[in-house]
Amino acid sequence: MPELPEVETLCRQLRQVIAGAKITKTRIVDSKLGTIEGIEGKQVCGVNRHGKALAIELEGDLSLVLHFRMTGRLLWQNNGNGLLPHTRLVVSFPHGRLVLIDPRRFATVTVHKKGNSLPLGSDPLADCDPSRLLEIAQHSTLPIKSFLMDQRRLRGIGNIYACEILYHARMDPWRKVNSLSLDEWKEIAEATGKILIRAIACRGTSVSDWRDLFGREGEHQNCLSVYGREGAACYSCGKEIKRKKLNGRGTYYCPTCQHAEGG
DNA sequence: CCCTATGTTCCCAA
DNA sequence: CTTGGGAACATAGG
């Protein structure tokens, strides 16, 4: 469930809490996660985000990489309470512990040695250049929404933010990407930056179970324009927000404001 | 029982 | 080879 803004929120909060600290112990609670080895006793030298993945960088060129998939959550605990339901992993520090909670058990944890598996695609926060987008979309007939969510091209945008970005760019989610003009890509790039940055400032979107590192809800659910608003009035034109499936994902949009011709 | 769910990956067809 | 679509993964909630 966490998309780019949610993982970025965890990343920034984690830096405040565990930078420089040593991992004292790790415990896999759900064996489906596999094993993690060689990180006990290591010091945290940084925390970074790669798309929707979170990397806790450790001394010795190691990193602990977490991917939360649909329902994964990361919580910081510094009291002596027992494990919460659906706890899958515990990483202990001298001053508290990090727990991975994941009801649907899709989340993954891996230990990486520096130098392997750099993911493809660019980060929409750091690099969302309209002319580059125009170029890489030339030979694709994907709908724009699927394109935005394709992690091989742009890393970090999921279903909620794809819907919101396209609404703000007034773009039909089914529009084929190879038909977009440079001006239309500029609108998409601008909407992408604006929405992602606002969502990070709001500590993410809590429409169901997203919580930050300290268990608090985000605020960005109060800023949503279309996601989850099926049947409600469009804030721009007053007509009804629709929901249809696109590649199996619920897609919310305003048929009036997001028309096929764009611009 | 039905359907839905913020994600990724694998398999298959074109 | 590439591209794109759907099922699968596992579980909770309406």
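In what follows, chains carry the letters A, B, and so on, assigned in the order in which the sequence lines appear, proteins first and then strands, with residues in each chain numbered from 1.
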Legend entry - Any donor-acceptor N or O pair under 3.5 Å, side chains A:Ser181, A:Asp183: no

Inset, instruction - Report, as yes or no, whether the 6.0 Å neighbourhood of atom NZ on A:Lys22 holds more than 12 heavy atoms from other residues, nucleotides or ligands. - result: no

Legend entry - Contact letters for nucleotides 1-14 of chain C, in which S counts primed atoms plus P, OP1 and OP2 and B counts the base, heavy atoms under 4.0 Å: ---SS---BBBS--

Legend entry - Side-chain N or O of A:Tyr227 closer than 4.0 Å to phosphate OP1/OP2 of B:dT6: yes

Inset, instruction - Any strand is fair game: report the nucleotide pairing with C:dG4 by Watson-Crick or G-U wobble, both distances under 3.5 Å, or none. - result: B:dC12

Legend entry - Gap between atoms CG and P, on A:Asp102 and B:dT8 respectively (whole Å): 13 Å

Inset, instruction - For B:dT4 and C:dG6, measure between their P atoms and round to the nearest Å. - result: 14 Å

Inset, instruction - Between B:dC3 and C:dA7, how far apart are the P atoms? Round to whole Å, please. - result: 13 Å

Inset, instruction - Grab the CG-C1' distance between A:Asp209 and B:dT6 for me, whole Å please. - result: 9 Å

Inset, instruction - Could you give the distance separating C:dA10 and B:dC11 at their P atoms, to the nearest angstrom? - result: 15 Å

Legend entry - Rounded distance in Å - CE (A:Met149) to C1' (B:dA5): 12 Å

Legend entry - Distance, rounded to the nearest Å, where A:Met70 contributes CE and B:dT6 contributes C1': 7 Å

Inset, instruction - State, without any angle test, whether A:Tyr227 and A:Thr205 hold a side-chain donor-acceptor pair at a distance under 3.5 Å. - result: no

Inset, instruction - Check every atom of B:dT8, B:dA5, B:dT6 against the side chain of A:Arg243 and return the nucleotide holding the closest atom. - result: B:dA5

Inset, instruction - Tell me whether the OP1 or OP2 atom of B:dT8 has a side-chain N or O from A:His67 closer than 4.0 Å. - result: yes

Legend entry - For atom CG of A:Leu54 and atom C1' of B:dT6, their distance in whole Å: 17 Å

Inset, instruction - Would you check if there is a donor-acceptor pair between the side chains of A:Asn159 and A:Lys145 at a distance under 3.5 Å? - result: yes

Inset, instruction - Please say whether the positively charged group of A:Arg203, taken as NZ for Lys or CZ for Arg, lies over the ring of A:Phe214, i.e. under 6.0 angstrom from the six-membered ring centre and within 45 degrees of the axis. - result: no

Inset, instruction - Could you state the atom-to-atom distance from NE2 of A:His50 to C1' of B:dT8 in whole Å? - result: 18 Å

Inset, instruction - Provide the Watson-Crick or G-U wobble partner of B:dC2, both distances under 3.5 Å; none if there is no partner. - result: C:dG14

Legend entry - Integer-rounded Å distance: B:dA5 P and A:Asn159 CG: 8 Å

Inset, instruction - Among A:His67, A:Arg155, A:Glu6, find the one that has a side chain to side chain contact (heavy atoms under 4.5 Å, CB included) with A:Lys52. - result: A:His67

Inset, instruction - Using whole Å, report how far CD1 of A:Ile157 lies from C1' of B:dT8. - result: 16 Å

Inset, instruction - State, without any angle test, whether A:Asn178 and A:Ser140 hold a side-chain donor-acceptor pair at a distance under 3.5 Å. - result: no

